[in-house]
Amino acid sequence: MNINELKDIVKRLVAPGKGILAADESSKTIQKRFEKIGVESNPETNLAYRKMLFTTSGVEQYISGVILYDETIRQSIDGIPVPQYLESKGILPGIKVDQGIVDEITTGLDGLSERLTEYKNLGAKFAKWRAVIVVGQEDTLIEKNAENLAKYASLCQEQDIVPIVEPEVLMDGDHDLEKCKEVTSKTLKAVFAKLVEHGVVLEGVILKPNMVIPGKESTVQASPQEIAETTVKTFLETVPTQVPGIVFLSGGQTPDEATKNLYEINLIGGLWELSFSYGRALQDEALKAWAGKSENVPAAQKAFLERAKKVSLARQGNA
Ligand code: 13P
């Protein structure tokens, strides 16, 4: 393990004003997204859409890294393999390596070491593994998911790939802010205990958590200020100071909510870089504007660039 190389990748990913675009939707997930805009998902249409995102001129001012899916990391843009295309813009390519969720537990450890070697040869500099915690089922889900996250992170670091450690407490349900805090706190404590137990070097990981936020069906919603205060407080109680960066997922928040909440979080600040690794919140507007038509590419790129700029400003505590 080359810790300096890991630290350098982390530093670039959470550089001032920059964050990550999660474009690693699985085949099933991108199909669901495309259904909403009436577009058939296949490797060609998936690439046309992602090419629209990646070739957006100027987006590299705001985006430091892109998480790719297995299909995309093997595709090319105008004859250039996608990872090398991104690198040429100064954007680091990353790869989703988990293989989905079975009975609420994230899988993908079988053969992971070999897959990481292959992805590294294809150009991946960092990886992502997402575990989900359903509020109400946390007692049965946290330990096993934390263990798998730690095993994954350790295998990544062995190959000088930065692991993004993503334990997502879902927004599904009617729980309140306090309950989300309690479950997020338990989850993070378990995850860091397992990371340490498995010898993971914390200076060489990025944490990708949920914001602490009430469930979507909760009758008591919270203001962006309350969300920000509770989120930062939870991290101060659970996230070791050696962790260099925290990048939030958007988790079903609207683009405006995810932007506003990130802004409020950065007004408070913390011991870590507090940035973003958004999927839906960065893409929703661009996806709608694109609607599967090549003539809509300029409008879609404009929407994507505008949102990326807003999120980048929020990440710096600027509105
Ligand atoms: P969302 O921002 O849409 O939650 O996606 C982030 C992600 O990578 C989930 O694994």
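Counting starts at 1 for both ligands and their atoms, following the listed order.
Between Lys208, Glu25, Arg280, Gln253, it is Lys208 that holds the heavy atom closest to atom 6 (C) of ligand 1. Among Gln283, Lys128, Glu168, the residue whose heavy atom lies closest to atom 10 (O) of ligand 1 is Lys128.
Proximity to Arg130 (heavy-atom distance under 4.0 Å) selects the following atoms of ligand 1: 9 (C), 10 (O). Heavy-atom contacts of Ser250 reach the following atoms of ligand 1: 1 (P), 2 (O), 3 (O), 4 (O) (cutoff under 4.0 Å). The atoms of ligand 1 that sit less than 4.0 Å from any heavy atom of Gly251 are 1 (P), 2 (O), 4 (O). Interface atoms of ligand 1 facing Ser277, defined by a heavy-atom separation under 4.0 Å, are 6 (C).
Remark: ligand 1 and Tyr278 share no N or O pair separated by less than 3.5 Å (distance only, no angle test). For ligand 1, the polar-atom distance check finds no N/O of Ala22 at less than 3.5 Å from any of the ligand's N/O atoms.
Phe235 and Phe248 have their aromatic ring centers within a separation under 6.0 angstrom.
Judged by distance alone, the side chains of Thr29 and Ser26 do bring a donor and an acceptor atom under 3.5 Å apart. In the model, Asn210 has a side-chain atom that pairs as donor or acceptor with a side-chain atom of Thr184 under 3.5 Å. Under 3.5 Å, the side chains of Tyr69 and Asn46 contain no donor-acceptor pair of N or O atoms.
The shortest separation from a heavy atom of Ala281 to ligand 1 is not under 4.0 Å, leaving the residue out of contact.
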- [ ] Step by step, work out the side chain to side chain contact (heavy atoms under 4.5 Å, CB included) result for Thr106 and Arg130.
- [x] CA-CA 7 Å; Thr106 303; Arg130 172 176 178 255; 5.7 Å; no
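Between the side chain of Tyr278 and the backbone N or O of Ala258, at least one donor-acceptor pair lies under 3.5 Å.
The side chain to side chain contact (heavy atoms under 4.5 Å, CB included) test with Lys186 singles out one residue from Ile133, Thr238, Asp139, and that residue is Asp139.
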